[in-house]
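Have a look at the structure below before the remarks.
Just so it is clear, the model here is predicted, and its values are computed rather than measured. Letters go in sequence order (proteins before strands), and every chain restarts at 1.
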There are 2 protein chains.
Amino acid sequence: MGLTKTENFTDQQNELATIAKAIGHPARVAILQHLLRVDACICGDLVAEIPLAQPTISRHLQELKAVGIIKGSISGTSVNYCIDATRWREVQNQLNGLFDTYVSDQDCNC
Amino acid sequence: MGLTKTENFTDQQNELATIAKAIGHPARVAILQHLLRVDACICGDLVAEIPLAQPTISRHLQELKAVGIIKGSISGTSVNYCIDATRWREVQNQLNGLFDTYVSDQDCNC
DNA sequence: ATTATTTATCGTAATATTGCAATATACTAA
DNA sequence: TTAGTATATTGCAATATTACGATAAATAAT
């Protein structure tokens, strides 16, 4: 069917999944890493950095924007993209919320 | 095309994406949360907990197992699943490796 | 006005994912 | 051996994702 049954899960579970899914593509990881590395707003030189066609990169950018971890602002004919600081930390906390649930003494002997 | 061009990216980028993708489904988040909550090996009562058909849950379990964050051991006619402690921390570190790259003073005014 | 530049959107093709019913497999119990 | 129980696999059908060429839209430069 290809259709995820989101109604069966909690908002938190769906949100966590949506976030993870957004990061779940190497091109989007590469985009995030580039935005982090240049530590500034960056225009569309992502197309030069990442070996994918311009429309494809544009799509990946939209997907990252959809979950709020990056934002873009128009500057003349180009667009400046950057990490959304607040959302970035929020997302990190939400992921760590899942990972920190694990306590070491619950190691089983499977 | 539907085919991710993994050859264009580094191993690290691909691995990070693969991990995130595995977590990127609410059913798999629910499975992980359940495994964490019961803080022990758990037999396949996941089917009772999560409102999806048994084959569907089995598939999600295989996907989580494929990235190594859970492991299963046969115990008679049932299977015990649990978090793989080492891999769990490894994955958390890898994700935090990405998120910690962000330093607050790089806030741009987009 | 025309042209160039940059980014987004549309249309399309190919592959992937999700989900379930049916079935297979593998062990347990009688 | 036969029946029961638990999990995995197979075989679909439907939807989603990925990617790219073509094109649109919007500004900048001449």
Side-chain angles (χ1 to χ4, degrees), chain A residues 1-9 13-14 17-32 34-35 41-67 70-82 110, chain B residues 1-9 13-14 17-32 34-35 41-67 70-82 110:
Chain A
M1 292 164 175
L3 205 164
T4 297
K5 292 193 159 181
T6 53
E7 71 275 15
N8 285 340
F9 304 100
Q13 287 165 341
N14 281 315
T18 301
I19 290 165
K21 200 173 171 184
I23 303 173
H25 190 288
R28 294 194 287 271
V29 170
I31 287 172
L32 292 175
H34 186 74
L35 288 180
C41 298
I42 192 73
C43 321
D45 56 5
L46 285 160
V47 177
E49 289 287 330
I50 298 169
L52 285 174
Q54 177 268 322
T56 306
I57 291 180
S58 183
R59 237 169 198 275
H60 284 305
L61 285 167
Q62 301 320 308
E63 244 162 298
L64 289 172
K65 221 164 65 174
V67 297
I70 70 170
K71 51 185 176 177
S73 68
I74 298 168
S75 159
T77 174
S78 61
V79 178
N80 287 334
Y81 281 105
C82 64
C110 283
Chain B
M1 293 163 174
L3 206 165
T4 297
K5 292 192 158 180
T6 52
E7 72 275 12
N8 285 339
F9 304 99
Q13 287 166 340
N14 281 316
T18 302
I19 290 165
K21 199 174 174 185
I23 304 174
H25 190 288
R28 294 194 287 271
V29 170
I31 287 172
L32 292 175
H34 187 74
L35 288 180
C41 299
I42 193 72
C43 318
D45 57 5
L46 285 160
V47 177
E49 289 287 329
I50 298 168
L52 285 174
Q54 178 267 323
T56 306
I57 291 181
S58 183
R59 239 168 197 274
H60 284 304
L61 283 167
Q62 301 319 307
E63 245 162 297
L64 289 172
K65 222 164 65 173
V67 297
I70 69 170
K71 51 186 174 176
S73 67
I74 299 168
S75 160
T77 174
S78 61
V79 178
N80 288 333
Y81 281 105
C82 64
C110 283

Shorter than 3.5 Å, N or O on both sides, protein versus nucleotides 27-30 of chain C: list them out with atom names.
none

*Take nucleotides 12-20 of chain C nucleotide by nucleotide from the 5' end and write B, S or -, depending on whether a protein heavy atom sits under 4.0 Å from the base, only from the sugar-phosphate, or from neither.*
-BBBSBBBB

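Legend: residues meeting side-chain hydrogen bond (donor to acceptor under 3.5 Å, both in side chains) with A/Glu63, ordered by chain and number and at least two apart, are A/Arg28. Listed by chain and residue number, A/Val67 satisfy the side-chain contact (heavy atoms from CB on, under 4.5 Å) test with A/Thr18 (two or more places apart in sequence, or in another chain). Legend: residues meeting side-chain contact (heavy atoms from CB on, under 4.5 Å) with B/Ala27, ordered by chain and number and at least two apart, are A/Phe9, B/His25, B/Leu52, B/His60. Every residue was checked against the side-chain contact (heavy atoms from CB on, under 4.5 Å) condition with B/Thr77, not counting sequence neighbours, and none meets it.
Atom NZ in A/Lys65 sits roughly 12 Å away from atom P in C/dT7 (whole-Å rounding). For the pair B/Asn80 CG and D/dA6 P, the interatomic distance rounds to 13 Å; values are reported in whole Å. In this structure, A/Leu46 places its CG atom 13 Å from P of C/dT6, rounding to the nearest Å. Atom CD in A/Glu49 sits roughly 17 Å away from atom C1' in C/dT6 (whole-Å rounding). Atom-to-atom, CD1 of A/Ile70 to P of C/dT7 comes out at 13 Å; the value is rounded to the nearest Å. When rounded to the nearest whole Å, the span between CG of B/Leu61 and P of D/dT7 equals 9 Å. When rounded to the nearest whole Å, the span between CD of A/Gln62 and C1' of C/dC10 equals 14 Å.
When side chains are defined from C-beta on, B/Thr4 counts as touching A/Pro26, because their heavy atoms get closer than 4.5 Å. The shortest distance between side-chain heavy atoms of A/Leu32 and A/Ile70 falls below 4.5 Å.
For the pair B/Tyr81 and D/dA6, the criterion of a side-chain N or O lying under 4.0 Å from OP1 or OP2 is not met.
Nearest heavy atom pair, residue A/Tyr81 against residue A/Leu35, reads O-CD2, 3.6 Å. Taking each heavy atom of A/Asn14 and A/Thr6 in turn, the nearest pair found is ND2-O, 3.0 Å. Heavy-atom minimum distance, A/Lys65 versus A/Lys71: CG-CA, 4.2 Å.
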